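Written out below as structure tokens is the structure these notes cover.
Throughout, numbering of the chain's residues begins at 1 and tracks the sequence. What you see is a predicted model, and the numbers here were worked out from it, not measured in a lab.
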Amino acid sequence: MADPKGFLNHGREVAQTRPVDERVKDWNEVYVPGSLLPIISKQASRCMDCGIPFCHNGCPLGNLIPEWNDYAYREDWSAAQERLHATNNFPEFTGRLCPAPCESACVLGINQPAVTIKNVEVSIIDQAWDRGDVAPQIPERLSGKTVAVIGSGPAGLAAAQQLTRAGHTVAVYERADRIGGLLRYGIPEFKMEKRHINRRIEQMRAEGTKFRTGVEVGRDIDAAGLRKRYDAVVVAAGATVSRDLPVPGRELNGIHYAMEYLPLSNKVQEGDYVQPPITAEGKHVVVIGGGDTGADCVGTAHRQGAASVTQLEIMPRPNDDRNTTTQPWPTFPMLYKVTSAHEEGGERIYSAGTTHFEGDEDGNVQWLHLAEVEFVDGKLVNKPGTERKIPAQLVTLAMGFTGTDQENGLVSQFGLDLDARGNVARDDEFQTNVPGVFVAGDAGRGQSLIVWAIAEGRSAARGVDRFLTGVSELHAPIRPTDRALAV
């Protein structure tokens, strides 16, 4: 512990964001470049080196947070990145995108603002890249075994990198035209610039991982045939089936899933389009869903020049502070969160349920009808007399995902069993009912956080390695049945 009084001498400071009127005119990350370095050593010193570091419990990766906080305090960036990479393949992703359950579990957070763990993490890895400390880890020898990984999101990439480093020959199959899954096309550029993905992919290529884009297993190639070609297969296809809103008027033009809308914006940044086929420019936009994906739609609409942006959430507004009775430390609390997208404008309406959509004579959506909702006998019902309508010329549905895609044939061609929630079932080694076929990430867990996806990928890789060789030294931070700590 470098500074025993760090948490007493220094308050919490976080990364600075660029002025709103500046950042909504571009797609660069919202943070002021370099703003963390002058303050990050002091922020890292606030870590108390607890006897029982509950931040380890909050993070499913088991990140060695007190250790790399200490190195960051001393500005020993090489040692810090080594400790960071010991448990996390992609800290530049989690340091930008993770909601930081580690900070909710920080012991300091019992009676003070928690350590800025996420900011320290991203500072360490950005310094590592700038200093040239992130190098390919090429295996000393090859095992002669081959593995196919289906899906290139964080779970698939983590599994692929771990297995490649263990000496297996790994090929990643991705149905999109670029590697990255939702990291590539579901996360707007202003939250994470895609250069961070690109340089990781180059590292993985240098290590020996092969990538096959534009190939959808189940449609373009037969899943059962793929199993015969490889010694093992990891299904990391995600939970990509979006939750629908079956109300009158749903068929009107201008109503889209968030994952129809967001990727097109990212494709503009990739140079595929000059203007996105679906745009918010000059339109009254309504985003249905109050989570992170909804916030991504809000920020995207601002940058496209929307006339107005309204975000609807069916649940009541969360508290500003932790309720110590219903959401005690160190659980991950549901709190009112103002993201960078919300800072940029728009209206947020809570306890609002959509009753129906109204369109013009050409079949284009023009109005969204809503009503206030309340809980009655444990169910949400509309409150009489609260119905009203708001202008809506573009509506995005950001209400989460219901499971992995079963229409493309992947599940049926493999003959995979599903659990009661519709996810791909697996045993303690992350293996499905089909020998040699494993599942990692949202396809097996259901919709979850990026840290859980990476943890799943690392743990499934250990299961695959043991299946292929009989023994494994790979890090497995979680079991398939592990869940976030909750009341």
Side-chain angles (χ1 to χ4, degrees), residues 2 10 12-18 22-23 26-47 55 59 61 63-103 106 114-137 154 157-158 161 179-180 183-184 187-207 266 269 339-340 449-451 453-454:
H10 307 294
R12 178 181 168 104
E13 292 182 77
V14 296
Q16 296 180 15
T17 53
R18 296 187 289 133
E22 171 190 316
R23 69 186 193 232
D26 61 47
W27 293 87
N28 300 329
E29 289 182 6
V30 300
Y31 298 105
V32 176
S35 64
L36 278 176
L37 272 185
I39 65 171
I40 209 63
S41 179
K42 290 181 179 179
Q43 292 305 301
S45 78
R46 298 181 71 236
C47 179
C55 53
C59 177
L61 283 166
N63 280 337
L64 307 173
I65 295 166
E67 294 184 38
W68 42 258
N69 271 333
D70 186 33
Y71 285 124
Y73 168 76
R74 302 173 188 276
E75 298 187 7
D76 187 345
W77 302 111
S78 294
Q81 71 87 21
E82 186 278 326
R83 291 286 77 196
L84 189 54
H85 275 126
T87 56
N88 188 352
N89 298 72
F90 314 119
E92 66 270 40
F93 302 165
T94 54
R96 287 173 167 83
L97 305 176
C98 180
C102 54
E103 294 187 18
C106 174
V115 175
T116 57
I117 299 171
K118 182 176 173 179
N119 280 182
V120 176
E121 177 182 28
V122 79
S123 297
I124 292 170
I125 187 58
D126 285 353
Q127 277 290 295
W129 281 108
D130 291 345
R131 291 164 53 91
D133 289 337
V134 184
Q137 298 181 28
L157 292 178
Q161 186 167 61
I179 294 296
L183 291 172
R184 174 73 65 179
I187 302 296
E189 194 85 358
F190 59 82
K191 282 183 68 174
M192 186 181 74
E193 295 172 8
K194 300 308 174 282
R195 59 187 176 88
H196 301 296
I197 302 176
N198 296 338
R199 62 187 178 187
R200 272 297 175 188
I201 298 306
E202 290 309 308
Q203 181 201 34
M204 293 179 67
R205 282 199 172 101
E207 292 172 346
N266 283 358
Q269 308 313 310
T339 70
S340 64
L449 303 178
I450 182 173
V451 279
I454 297 174

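Residues that satisfy the salt bridge (charged side-chain N to carboxylate O under 4.0 Å, His left out) test with E13, not counting sequence neighbours, are absent from this structure. In terms of the side-chain contact (heavy atoms from CB on, under 4.5 Å) criterion, residue partners of D76 (sequence neighbours excluded) are, by chain and number, Y71, S78, A79. Judged as a salt bridge (charged side-chain N to carboxylate O under 4.0 Å, His left out), and not counting sequence neighbours, K118 has no contacts. Contacts of Y31 classified as side-chain contact (heavy atoms from CB on, under 4.5 Å), with partners at least two apart in sequence or in another chain: A15, T17. Remark: E22 engages R18 in a salt bridge (charged side-chain N to carboxylate O under 4.0 Å, His left out) (not counting sequence neighbours). Residues satisfying the side-chain hydrogen bond (donor to acceptor under 3.5 Å, both in side chains) criterion with R184, sequence neighbours excluded, are N198, E270. Taking the side-chain hydrogen bond (donor to acceptor under 3.5 Å, both in side chains) definition, one finds that E189 meets it with nothing, sequence neighbours left out. Contacts of R131 classified as salt bridge (charged side-chain N to carboxylate O under 4.0 Å, His left out), with partners at least two apart in sequence or in another chain: D133. For F93, the ring pair (Phe, Tyr, Trp, His ring centres under 6.0 Å) criterion is met by F90, not counting sequence neighbours. Residues meeting the side-chain contact (heavy atoms from CB on, under 4.5 Å) test with A453, sequence neighbours left out: P154, A155. The side-chain contact (heavy atoms from CB on, under 4.5 Å) search around C98 returns T94, P101, I450, V451, not counting sequence neighbours.
With rounding to the nearest 0.5 Å, the separation of CD in Q43 from OH in Y73 is 13.0 Å. Atom CG of N88 sits about 5.5 Å away from atom CD of E121, to the nearest 0.5 Å. For the atom pair CG of N69 and CD1 of I40, the computed distance is 8.5 Å after rounding to the nearest 0.5 Å. Rounding to the nearest 0.5 Å gives a distance of 6.5 Å between CD of Q81 and CD1 of I125. Here the CG atom belonging to L183 is positioned 5.0 Å from the CD1 atom belonging to I197, to the nearest 0.5 angstrom. Here the CD1 atom belonging to I65 is positioned 14.0 Å from the CG atom belonging to D70, to the nearest 0.5 angstrom.
There is a side-chain donor-acceptor pair under 3.5 Å between Q161 and Q203.
The shortest non-hydrogen separation linking I187 to K194 is O-NZ, 2.7 Å.
We find that R205 and E202 are joined by a salt bridge, their nearest charged nitrogen and carboxylate oxygen being less than 4.0 Å apart.
Residues C102 and N63 have side chains not in contact (no heavy-atom distance under 4.5 Å, counting atoms from C-beta outward). For the pair I124/W77, a side-chain contact is recorded, criterion being any heavy-atom separation below 4.5 Å from C-beta on. Taking the side chain as every heavy atom from C-beta outward, W27 and N266 never approach each other to under 4.5 Å.
Side chain of R46 to main chain of H10: a donor-acceptor pair is present (N/O by atom type, distance under 3.5 Å, no hydrogens or angles).
Counting only residues at least two apart or on different chains, the salt bridge (charged side-chain N to carboxylate O under 4.0 Å, His left out) pairs with a member in residues 85-97 are E29-R96, E92-R200, R96-D126.
No more than 12 heavy atoms of other residues, nucleotides or ligands shown are found within 6.0 angstrom of NZ on K42.
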